[in-house]
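What you see is a predicted model; the values in this text were computed from it and never measured. So that the names make sense, note that chain A is the first sequence line, chain B the second, and so on, each numbered from 1.
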Amino acid sequence: GDSVTQMEGPVTLSEEAFLTINCTYTATGYPSLFWYVQYPGEGLQLLLKATKADDKGSNKGFEATYRKETTSFHLEKGSVQVSDSAVYFCALSDRNTGRRALTFGSGTRLQVQP
Amino acid sequence: GAGVSQSPRYKVAKRGQDVALRCDPISGHVSLFWYQQALGQGPEFLTYFQNEAQLDKSGLPSDRFFAERPEGSVSTLKIQRTQQEDSAVYLCASSLEAGEGYEQYFGPGTRLTVT
């Protein structure tokens with residue numbers, strides 16, 4: 001079945017540091033890929049998405065590129081802020097199976113220190 | 001505009017009790033999903049509705065779990081004879097269209113604790 005693997009956290013960075021959160025996936029078909037973010041005390045929000053190979057999703061300074069050859073969708077940001085502290089989830093939906101539900105990774109907690 | 005709302009936000013149940021969790025999706029959203037999120041884990045799919053039709057219930061962990069969306073808007077997730085392993089956050093999400101790849105908007109969740 002489909003699965004998503006994320007690097008374990010917590011990831012602790014100083015403000016303005018470069019961020020990478022690794023995400024790899026296994027899917028039977030050709031999935032769409034997503035990053036969701038959960039800020040403290042809030043619900044999950046879509047951060048960015050990509051629906052085909054080599055697409056780059058971007059939002060709020062975050063980027064991720066859909067790499068079919070390495071089955072990866074790593075999240076990056078050039079300069080993190082304290083306000084980026086949250087839990088980040090990589091997810092996919094697999095159009096080949098017709099299953100519209102999202103399959104999530106286990107989440108990576110990011111802590112940014114001033 | 002209003003987002004997805006869920007009630008109650010917190011629920012404590014004694015083992016063996018029945019519980020009902022409510023989800024109010026964004027108005028006009030066709031698709032509705034329920035997920036279960038254990039502590040420190042990502043959400044896991046439970047069931048999916050397209051309007052009032054329950055098209056996928058493959059994620060429901062047992063026949064104690066039941067979901068409905070009778071008029072294609074509000075949905076209720078019911079858990080009968082709760083067990084300790086049912087303790088989790090239950091998330092509801094809605095999506096404007098039925099197609100794959102459309103953004104799912106999540107509610108704040110209901111945290112269920114079974115004692």
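Taking the side chain as every heavy atom from C-beta outward, A/Leu102 and B/Phe106 approach each other to under 4.5 Å.
For B/Tyr10, the OH atom sits in a loose shell: 12 or fewer heavy atoms of surrounding residues, nucleotides or ligands are nearer than 6.0 Å. When the shell of 6.0 Å around CZ of B/Arg9 is examined, it contains more than 12 heavy atoms from other residues, nucleotides or ligands. Counting heavy-atom neighbours within 6.0 Å of A/Glu76 CD, excluding the residue itself, gives a total above 12. Other residues, nucleotides and ligands contribute over 12 non-hydrogen atoms within 6.0 Å of the CD atom of B/Glu85. By the neighbour-count criterion of 12 heavy atoms within 6.0 Å, atom CD of A/Glu15 is densely surrounded, having more than that number from other residues, nucleotides or ligands.
Taking every heavy atom of both residues into account, A/Tyr36 and B/Gln104 meet most closely at OH-O, 3.2 Å.
Interface residues of residues 78-86 of chain A toward chain B, defined by a heavy-atom distance below 4.5 Å: none.
A/Gln38 touches chain B through its side chain: at least one heavy atom from C-beta onward sits under 4.5 Å away, while N, CA, C and O do not. For B/Gln37, the part lying under 4.5 angstrom from a heavy atom of chain A is the side chain only.
Applying the side chain to side chain donor-acceptor pair (under 3.5 Å) test to B/Ser5 and every residue at least two apart in sequence or in another chain returns nothing.
Residue B/Leu21 belongs to a hydrophobic cluster whose other members are B/Val19, B/Leu32, B/Trp34, B/Leu46, B/Phe49, B/Leu60, B/Phe65, B/Leu77, B/Ile79, B/Tyr90, B/Leu112, B/Val114, with links defined by side-chain heavy atoms closer than 4.5 Å. Connectivity analysis of hydrophobic side chains (ILVMFWY, heavy atoms under 4.5 Å, direct or indirect) links B/Val4 to B/Ile26, B/Tyr105.
Centroid-to-centroid, the aromatic rings of A/Phe104 and B/Phe45 stay 6.0 Å apart or farther.
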